[in-house]
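As the structure is a prediction and not an experimental result, all values here were calculated from the model. Nothing fancy with the numbering, it's 1 onward along the sequence.
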Amino acid sequence: MAKKKLSVREIVDKIFSVGQKPIWKSKRFISLISSVTLLGAGGITAGCILASQNSSVQTYYQFDDKYFSTKTAAVAYAMSSAQRKNLSYNTNNYLFEGQVFSTQSKLNDYIQERFPISTIKTIRNPGEYVINSSGELSRDVLSASYEKPTTVYRGNDGSAYLTKDEAASTFYNYQKVYNIEGQIRYNEYEARELYENSIKKKLEDSLTGKTTCYLQGAICQTEQEIKNWLRSSVKNGFEYRGQYFSDYNFSEFLTVMNSIDEYTVNKHVKEVINPDKNSYWISQDKGNDYLNSYFIGPKYVETTQKLPGSLKFKEVSSFTPSIFFAPLAFGAVDSINNLLFREKVQKFDWNSWTTIIDYLNFLHNNISNENYQKLINTIKDLRLPQNIFQDSVTNLGNIKDDSFTDFHKLLVGMKRMLTYTKVYASSVTNGATKLGNAFKGIIVDILNNNKETMGVLMHSDKGANELLDSGISFDDIYNMFLNQGAFFEEGGNNRKIWDIAQKIQSSVDNIMSVVDGANKIADGYQNLYKKSNTSDKQIQTGRKQLSHNLKSAIGSAMGKILSKLKLVGKALPIANIFSGIWELSKTFSFISLKTLEAKIDHNNSIYYVTPTFKLPILDIEFTSSQLKTSVTPLATSALNYMLPSGTNAKDQKLYEFNDHYYLSKAAAKADLIRQIYLHPERYVSNRKLMISIMAKDVPYWLPETISNANICGTTADDSNCINQVDYDSAVSAEKDKFINQIFTEHFKPKEQSFYLDGFGNYFLSKDEALASLAENVALGNFAVTYRYQTRTGKVFFANSETEMVNFINNNEMIDNKQVINSDLITTSHYNNLSDYLGMKFDIYTLDYYGDQKYFMSEQQAWNYLWNHINYQTLNFDATMQEFKFGTNAFFNKNDFITWINAKIVAVQGKKDDRKVVN
């Protein structure tokens, strides 16, 4: 809306009311004087009458221990007695829409009235309708009285259908195929070509005319034909609590899994500890501690606890020094990477509109296009809402801590985004894990900007590519840089991470080998700790001197060290980075770790650790100036994303399964059962293969490497897992063994040699076989089979369409959910339809010049308003008068008069002979 621009003269007029007609020249003033004159005459007459009636008792007014005949006299006395002082000051007025406001609060009051914000209810989840980084919602978030929930079913084409039968019909995408002596052809032309160009020519060949086959009643089949049939008939036998079910047999599955036990549910469905977690950044400062002491623990933390501005530490039991290597090793890599990263990439402005994609675009020269596209494609596949890209990095720009680098902010943004991803339903299995792997590629690219240096540190020609190992998760990489305490507490549970830490330790030893006198200093440390009757004070004094000598020696060897690190020409604080880890590696058999802990909650702690020797000694004193932490709040919890606004999250539980969050355990359990049906090998033991031969069930027991296989991504522990492709290959190899065993036992004894026409008929003469082939091809008597491939890639065959349709109807699980009926007008894609949660949400509507804007919170509406309205701030010098009466001071005449009137007391008659002031 266009705003009227006022001239300077008009602005001044409005502030000081200049330019108005003098009131004493107006007709209103003349009328007013006339009225007062008439009223005054009447008043005098009435006053005389009243005075004569009450001459015995007179009313006086007391103020400042004096009597006054009238209130006016009391006020006049106070005004004349007050000390007055003129004060000069600088002030602001505010000009908006042609009006001037003397204070910000008056402007606020006007704007609140001018742009009202109201609350309305909707049955739609506002979190799915955010359209920009201001938090504005699309109009589609509104719901009308006629909108109702309705159930839709997911078809095989991804569309939503109103009936289960309609959805099921989209799964009828089976193929009509031709099965010719065990070979599959997908149309009649290909079938005829096989008969004419292969089977017929083989019959006509005098040397190869006869075929080895195996009699089965009236037909004789080839080995390939029999084995193909056996392969399609063999089923996996999945065992659950002593009962078995086979692939894609829903009735068997329900019989076995109908009463799934809590142990299985709890194995895969995990309650999220502290779901209402808010996040904080904890700055860590050792103060003036000159020894090699360390903070170990998360700098970025998520917790339900409300953290104070700083943390308090208490002494706890010490940890084994060897476990301390991993945090120190990764701390060294972090320090070097941060220094090199800052040198290569200019500082980024993390403002309130930034998204994580903005920063990745900013980094385009430092990451490969391949990994960038992989990430973008993963995000597209997950169909993530736009708001989480900004929410993932919100408030990161508010942290004023030099140790919180842009690289760290990227890691925090990625971790948050993985958490928020689990809030939204996705058709992509293990979506958060796939996103984490894409993030891993980006982080490795950044580290490999200095690949040679990373190769030296990680003792590998692959540089940071060591971290791409499937056994190393994004969380492991995150912890390497921002929560080394995770390895400190776990004690090296992840062997792959532990191996990398030991490689780094080995590299540090290699690098320090070029420092002259290093071995002598190491002997000095050991001799210091070996001395008996040594006081703690002597130990620490000795350490201080040796640490000084070590850092001096490192400084002298700086060129050699940088050459080793492939960083010639750089200026890095190598002594601070390597001295501590090297000292510890040379002395850990003589020392223990004195450990202080600041407990954040049941799952998170920050430790402050300093080495000390193992003899009984006096405690080392830590002064308050040494341990400094500063806690800054960052972002809200993922749970608040899922709950309606205004809902108390305090007692709300949250569950996780398959990289997705659920508000109820029942919903997570239902999805678990669905996944067990679709991918049973990932959740229950595949004990045996099964087939029915001549009405008799024949089992084949699978080896434990298969029946007890841990398929990667199905449990929290992937340390000894097998990926799905390798698992399928292993099962296929066992299936071939089983088929060969069945074939040898049941079919091999009936081996014969005949002329075959390719239609199952066998003959003693070539001519008979050729004649039969020609006749059957002419009549089109082909063996037709129906082939169906499930959504999980499993293949089934049926001899008729009716049999195949019945198989699909009985065994395909048709997904369904409740949505709002009118949403089907906008889209018919099942995944794009928002779930109806059965709740009502508050949204806030802002009337902005007649245009209705919608927001998830009132604060977002206010932020939008103040970022878009156009008002002017008018700064000028002004004067004001101060009124001081006794000990009371007033900066406004009206306030002074109001105070005077409040202090005046009316009394009947005088109690002494004090003079009356008129």
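- A donor-acceptor pair is defined here as one N or O able to donate and one able to accept, closer than 3.5 Å; no such pair exists between the side chain of Asn337 and the backbone of Val333.
- Between Trp350 and Asp406, the shortest heavy-atom distance links the atoms NE1-OD1, 2.7 Å.
- In this structure the side chain of Leu467 reaches within 4.5 angstrom of the side chain of Ile500, judged on heavy atoms.
- Val508 has its side chain out of reach of Leu457: every pair of non-hydrogen atoms, C-beta onward, lies at least 4.5 Å apart.
- Remark: Leu702 CG to Asn686 CG distance equals 5.0 Å, nearest 0.5 Å.
- A distance of 12.5 Å separates CG in Leu411 from CZ in Arg416, rounded to the nearest 0.5 Å.
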task = Let me see the working for Val731 and Glu681 under side-chain contact (heavy atoms from CB on, under 4.5 Å), right down to the final yes or no.
result = CA-CA 10 Å; Val731 172; Glu681 68 278 4; over 6 Å; no
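- Within the 4.5 Å cutoff, side-chain heavy atoms of Asp516 are placed close to those of Lys560.
- Of all the heavy atoms in Thr419 and Tyr661, the pair that sits closest is O-CE1, 3.4 Å.
- Ring geometry for His268 versus Phe657: interplanar angle over 60°, hence perpendicular rather than tilted (30 to 60°).
- With hydrogens and angles ignored, the 3.5 Å screen pairs no side-chain donor or acceptor of Ser563 with any backbone N or O of Gly559.
- Considering Phe341, Tyr359, Tyr478, Phe348 in turn, Phe341 is the only one that fulfils the ring pair (Phe, Tyr, Trp, His ring centres under 6.0 Å) rule with Phe407.
- In this structure, the side chains of Asn549 and Ser552 stay at 4.5 Å or more apart for every pair of heavy atoms.
- The backbone N or O of Asp728 sits nowhere less than 3.5 Å from a side-chain atom of Ser732 that would complete a donor-acceptor pair.
- Looking at Ser507, its side chain does come within 3.5 Å of a backbone N or O of Val456 through a donor-acceptor pair.
- Side chain of Ser513 to main chain of Asn510: a donor-acceptor pair is present (N/O by atom type, distance under 3.5 Å, no hydrogens or angles).
- The two atoms that bring Lys566 and Thr453 nearest to each other are O-OG1, 3.9 Å, heavy atoms only.
- Around atom CD of Glu271, more than 12 heavy atoms belonging to other residues, nucleotides or ligands sit under 6.0 Å away.
- Of the possible donor and acceptor atoms, none in the side chain of Lys409 sits under 3.5 Å from a partner among the backbone N and O of Thr405.
- With values rounded to the nearest 0.5 angstrom, Leu360 atom CG is found 5.5 Å from Met414 atom CE.
- Residue Ile443 holds its CD1 atom at 9.5 Å from CD1 of Ile367, rounded to the nearest 0.5 Å.
- For the pair His660 and Lys422, the tightest heavy-atom approach, listed with the atom from each and the gap, is ND1-O, 3.0 Å.
- For the residue pair Thr355 / Asp358, a side-chain donor-acceptor distance below 3.5 Å is found, with atom types taken as modelled.
- Applying the salt bridge (Lys or Arg N to Asp or Glu O under 4.0 Å) test to every pair with at least one member in residues 437-446, sequence neighbours left out, gives no pairs at all.
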task = Go through the steps for Ile379 and Met417 under the test side-chain contact (heavy atoms from CB on, under 4.5 Å), then give the verdict.
result = CA-CA 11 Å; Ile379 290 172; Met417 190 166 168; 4.0 Å; yes
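- In this structure, the ring pair (Phe, Tyr, Trp, His ring centres under 6.0 Å) partners of Phe439, at least two apart in sequence or on a different chain, are Phe474.
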request  = Kindly determine whether Thr705 and Ile722 satisfy side-chain contact (heavy atoms from CB on, under 4.5 Å), including the steps that lead there.
outcome  = CA-CA 10 Å; Thr705 52; Ile722 179 174; over 6 Å; no
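- Summarising the geometry of Gln724 relative to Ile711, their closest heavy-atom pair is OE1-CG2, 3.7 Å, with the distance given to 0.1 Å.
- Looking only at distances, no side-chain donor or acceptor of Asp334 sits under 3.5 Å from a matching main-chain atom of Phe330.
- For the pair Met512 and Leu550, the minimum side-chain heavy-atom distance is below 4.5 Å.
- Side chain of Asn449 to backbone of Ile446: a donor-acceptor contact under 3.5 angstrom is found.
- Listed for the Asn723 side chain is a donor-acceptor partner under 3.5 Å among the backbone atoms of Val725.
- Atoms NZ and CG, on Lys451 and Asn465 in that order, are 5.0 Å from each other to the nearest 0.5 Å.
- Taking each heavy atom of Asn371 and Gly441 in turn, the nearest pair found is ND2-O, 3.3 Å.
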inquiry  = Evaluate Tyr683 against Gln675 for side-chain contact (heavy atoms from CB on, under 4.5 Å), listing each step before the verdict.
reply    = CA-CA 8 Å; Tyr683 302 96; Gln675 288 299 317; 3.8 Å; yes
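- Here the CD1-OG distance, from Ile504 to Ser460, works out to 11.0 Å after rounding to the nearest 0.5 Å.
- Between the side chains of Thr378 and Asp381, no donor N or O sits under 3.5 Å from an acceptor N or O.
- A donor-acceptor distance shorter than 3.5 angstrom exists from the side chain of Asn361 to the backbone of Ile357, with no hydrogens or angles considered.
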